[in-house]
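Index from 1, following the sequence.
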Amino acid sequence: MPEAALTATRPNHGMRSNTGSHISVSDRMSRFEQELKWFALLLGIASTVALVNNWHPWPLFIGLPFCLLWVYFGWLHTERQLKYINIVFSALYIYGIAKYLLEP
């Protein structure tokens, strides 16, 4: 297949590799996947410690990025169940944060 046809089928995110081909957003982000998983683990531990010690609302604010990272990992590896479970939990965290912020 000619290069022009290949380029037309790839999304253009404004980035090019050293070979001149386009690099997708998921390719750029996946380079940091292992570091992000370690960060997600730290967020999960911190959220659990905050919950056990009744440090409300910190478990909500720490747990939301934890879930959003796992939504990303589910999207990156096309794991639908992981993605949708964490979307549901993210929505619940957002509800809890909104409720906390709107309380008088």
Side-chain angles (χ1 to χ4, degrees):
M1 183 178 271
E3 180 61 30
L6 284 174
T7 304
T9 61
R10 291 188 218 138
N12 183 357
H13 298 290
M15 297 285 298
R16 290 186 176 269
S17 70
N18 293 337
T19 62
S21 63
H22 295 284
I23 300 172
S24 70
V25 173
S26 62
D27 289 340
R28 285 184 281 164
M29 293 293 289
S30 66
R31 286 187 260 168
F32 302 104
E33 181 181 3
Q34 195 57 47
E35 291 84 358
L36 288 172
K37 283 185 177 178
W38 282 109
F39 183 62
L41 174 65
L42 293 176
L43 286 172
I45 291 170
S47 179
T48 303
V49 168
L51 182 67
V52 168
N53 287 305
N54 199 27
W55 295 340
H56 188 70
W58 290 110
L60 294 171
F61 290 104
I62 298 169
L64 179 60
F66 171 83
C67 284
L68 292 175
L69 280 170
W70 283 101
V71 167
Y72 166 71
F73 299 138
W75 169 74
L76 186 64
H77 297 291
T78 61
E79 295 180 37
R80 293 177 56 197
Q81 185 177 13
L82 178 65
K83 180 173 57 176
Y84 292 128
I85 286 171
N86 281 288
I87 287 172
V88 169
F89 280 111
S90 295
L92 291 170
Y93 277 116
I94 291 168
Y95 168 75
I97 290 170
K99 184 177 174 185
Y100 172 77
L101 293 175
L102 296 174
E103 284 181 350

As an exercise, state the distance from [atom1] of [X] to [atom2] of [Y], rounded to the nearest 0.5 Å.
| X | Y | atom1 | atom2 | answer |
| --- | --- | --- | --- | --- |
| F39 | F32 | CZ | CZ | 14.0 Å |
| L101 | F61 | CG | CZ | 4.5 Å |
| Y72 | N86 | OH | CG | 14.5 Å |
| N53 | T48 | CG | OG1 | 11.0 Å |
| S90 | F66 | OG | CZ | 10.0 Å |

Answer yes or no: is there a donor N or O on one side and an acceptor on the other, between the side chain of S47 and the main chain of L43, under 3.5 Å? no

Say whether [X] and [Y] are linked into one hydrophobic cluster, either directly or through other cluster members, by side-chain heavy-atom distances under 4.5 angstrom.
| X | Y | value |
| --- | --- | --- |
| V52 | I45 | no |
| L41 | L51 | no |
| I62 | Y95 | no |
| V49 | L42 | no |
| L76 | W38 | yes |

F73: partners by ring pair (Phe, Tyr, Trp, His ring centres under 6.0 Å), with sequence neighbours left out: W70

Of K83, Q81, H77, the residue whose pairing with E79 passes side chain to side chain contact (heavy atoms under 4.5 Å, CB included): H77

K37/E33 salt bridge by N-O under 4.0 Å criterion: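 A salt bridge links E33 with K37.
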
Closest non-hydrogen atom pair between L64 and I97, with its separation: CD2-CD1, 3.9 Å

Got a sec: does the CD of E35 have more than 12 other heavy atoms crowding it under 6.0 Å?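 Yes, the 6.0 Å shell around CD holds more than 12 heavy atoms from other groups.
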
Verdict with supporting geometry, C67 and Y93, side-chain contact (heavy atoms from CB on, under 4.5 Å): CA-CA 9 Å; C67 284; Y93 277 116; 3.5 Å; yes

